[in-house]
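Presented below is the structure to which this report refers.
On a predicted model such as this, the values are computed, not experimentally measured, just so you know.
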Amino acid sequence: MANDASTVFDLVILGGGSGGYAAALRAAQLGLDVALIEKDKLGGTCLHRGCIPTKALLHAGELADQAREGSEFGVKTTFEGIDIEGVHKYKDGVVSGLYKGLQGLIASRKVTYVTGEGRLSSPTSVDVNGERYTGRHILLATGSVPKSLPGLEIDGNRVISSDHALVLDRVPKSAIVLGGGVIGVEFASAWKSFGADITIVEALPHLVPVEDENSSKLLERAFRKRGINFSLGSRFSGVEYTADGVKVSLENGKTFEAELLLVAVGRGPVSQGLGYEEAGVAMDRGYVLVDEYMRTNVETISAVGDLVPTLQLAHVGFAEGMLVAERLAGLNPVPVDYDGVPRVTYCHPEVASVGITEAKAKELYGADKVVALKYNLAGNGKSKILKTAGEIKLVQVRDGAVVGVHMVGDRMGEQVGEAQLIYNWEALPAEVAQLVHAHPTQNEALGEAHLALAGKPLHSHD
């Protein structure tokens with residue numbers, strides 16, 4: 001392996017997804033000499049196979065629903081069907097534009113970008129394309145891939161992953177979605193908008209099971225109204241091919257048939273065969289273990305993003321990558337408060353939250369110390385105009401700060417910005433209540449909820 005002075009860097013990053021490229025941009029901005037190694041495309045899962053393309057599909061689905069529902073608003077519209085080639089052209093155009101912009105950013109910061117499959121060769125070096133890139137520090141950011149279940153083979157034909165679903169050349173007539181988490185409900189929502197018959201299978205008692213139970217129940221109610229079927233509380237036991245599709249069996253004896261099965265049971269870390277164990281990096285079930293500053297047990301190695309057992313969100317990767325860069329540059333960054341990270345599921349209706357659930361708050365503070373308030377969007381003028389239903393639920397430590405904000409309704413993801421400020425600044429309900437929110441907006445619902453929690457409700461009952 002070549003190892004001349006030109007390949008000695010302050011930071012060598014293995015993986016160009018959200019965590020890796022954020023670290024590269026911030027480290028270069030702070031004057032560090034950076035090499036960024038990526039085997040596929042800069043931007044990783046989020047840009048090419050996750051956040052961006054899935055939200056483009058969901059927006060296309062939203063337009064399809066609006067075309068069907070125009071008469072409800074006095075607008076004469078007709079829905080003639082989905083041009084899947086046109087949908088992909090739109091989706092790919094969004095991705096392409098962001099990809100070019102990101103490439104320009106990396107070049108402008110003078111990051112050495114290397115295309116190729118890298119492998120950790122020592123605690124201070126990565127081998128790629130027959131070259132050895134040595135760094136004073138190494139950052140592992142190799143991301144994740146769709147997971148499956150033991151004995152369940154994803155064939156890319158009738159049993160597919162989210163990667164396959166994003167490039168599917170048709171709208172399936174029917175689909176079974178295995179997994180009722182974020183990925184599963186988002187694809188179920190988009191495909192239903194496109195006209196598919198959908199059944200979600202979730203082994204846990206609720207859809208989006210990591211959310212507050214009230215949010216899960218509201219989403220389930222909305223999905224029933226939309227005609228999205230789901231089976232909860234029973235595990236998958238097997239799948240077999242039928243003449244024109246698949247038949248899925250559950251442990252409770254139920255069976256479902258459809259054109260295809262989308263396996264959406266989460267994502268697992270990409271770490272096997274990359275030299276991590278050989279370099280002495282501590283791992284658990286494929287994840288690289290880190291402390292609050294993203295440091296591994298090896299002094300010269302850090303890790304971020306889906307590779308570590310934190311929230312699998314692009315914005316978490318951004319934050320973790322920037323934290324590592326700032327720490328290496330001698331700054332004093334604050335560790336990520338994962339409860340304070342906003343979480344959004346972009347189905348119809350959207351589910352958005354920040355902070356902890358009511359159940360978690362009771363566990364931490366005691367049931368008698370927790371107050372929960374629900375504000376129904378039926379009392380919000382803009383939500384009425386949009387014909388969306390849902391609630392904002394606030395969780396408060398009695399006589400103290402709001403520790404959880406949980407929202408269900410169309411466009412609620414756009415309201416989570418103020419919600420994260422409320423949580424992260426440990427705001428009291430009375431402090432938020434004194435802020436004047438614009439009328440009529442959906443954001444006003446957050447203000448109204450805090451008015452009610454502060455004991456002075458306006459457009460809601462006492």
Side-chain angles (χ1 to χ4, degrees), residues 40 44-46 48-51 53-54 57 142-192 194 196-210 216 220 223 228-274 283-287 306-307 309 311-312 345 347:
D40 191 6
T45 294
C46 171
H48 300 285
R49 295 177 298 281
C51 319
T54 56
L57 289 185
T142 42
S144 63
V145 290
K147 288 196 301 186
S148 187
L149 298 176
L152 176 57
E153 181 184 353
I154 296 175
D155 59 25
N157 180 15
R158 299 190 199 181
V159 181
I160 66 173
S161 71
S162 57
D163 287 355
H164 302 116
L166 280 171
V167 296
L168 198 63
D169 62 359
R170 67 193 186 283
V171 176
K173 292 184 177 64
S174 59
I176 298 164
V177 178
L178 181 58
V182 173
I183 297 170
V185 301
E186 286 188 350
F187 272 103
S189 183
W191 279 347
K192 181 63 180 180
F194 288 168
D197 181 24
I198 301 295
T199 300
I200 303 171
V201 173
E202 170 54 55
L204 294 174
H206 290 290
L207 297 179
V208 288
V210 300
S216 295
E220 289 160 14
F223 271 19
I228 297 175
N229 305 305
F230 47 88
S231 173
L232 304 173
S234 186
R235 299 172 67 88
F236 167 89
S237 63
V239 61
E240 58 187 272
Y241 275 19
T242 62
D244 53 2
V246 292
K247 180 180 180 180
V248 170
S249 303
L250 306 187
E251 289 182 353
N252 64 5
K254 288 184 179 179
T255 60
F256 303 94
E257 293 193 32
E259 181 182 328
L260 56 80
L261 170 65
L262 169 62
V263 181
V265 293
R267 298 181 64 87
V270 175
S271 58
Q272 190 172 5
L274 295 178
M283 303 180 70
D284 179 34
R285 295 171 295 117
Y287 290 99
D306 288 0
L307 181 62
L311 292 172
Q312 290 186 328
T345 304
C347 50

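At least one donor-acceptor pair closer than 3.5 Å links the side chain of Thr142 to the backbone N or O of Val270. Side-chain N or O atoms of Glu202 include none that pairs as donor or acceptor with a backbone N or O of Phe230 at under 3.5 Å. Under the 3.5 Å distance criterion, the side-chain polar atoms of Ser161 are left unmatched by any main-chain donor or acceptor of Pro146. No donor-acceptor pair closer than 3.5 Å links the side chain of Ser189 to the backbone N or O of Val185. With hydrogens and angles disregarded, a donor-acceptor distance shorter than 3.5 Å links the side chain of Arg158 to the backbone of Thr242. Although no hydrogens or angles enter the test, the distance criterion places no donor-acceptor pair under 3.5 Å between the side chain of Ser231 and the main chain of Val201. When atom types are taken as modelled, the side chain of Thr345 and the backbone of Val182 share no donor-acceptor pair closer than 3.5 angstrom. Checked by atom type and distance alone, the side chain of Gln312 pairs as donor or acceptor with a backbone atom of Arg267 at under 3.5 Å. Formation of a donor-acceptor pair under 3.5 Å by the Ser148 side chain with backbone atoms of Glu153 is not found in this model. Side-chain N or O atoms of Ser216 include one that pairs as donor or acceptor with a backbone N or O of Leu207 at under 3.5 Å.
Between Asp244 and Lys173 there is no salt bridge, since none of the side-chain N atoms of the basic residue sits less than 4.0 Å from a carboxylate O of the acidic one.
No side-chain heavy atom of Trp191 sits under 4.5 Å from any side-chain heavy atom of Leu57.
Listed here is the closest heavy atom pair of Val246 and Leu260: CG2-C, 3.7 Å.
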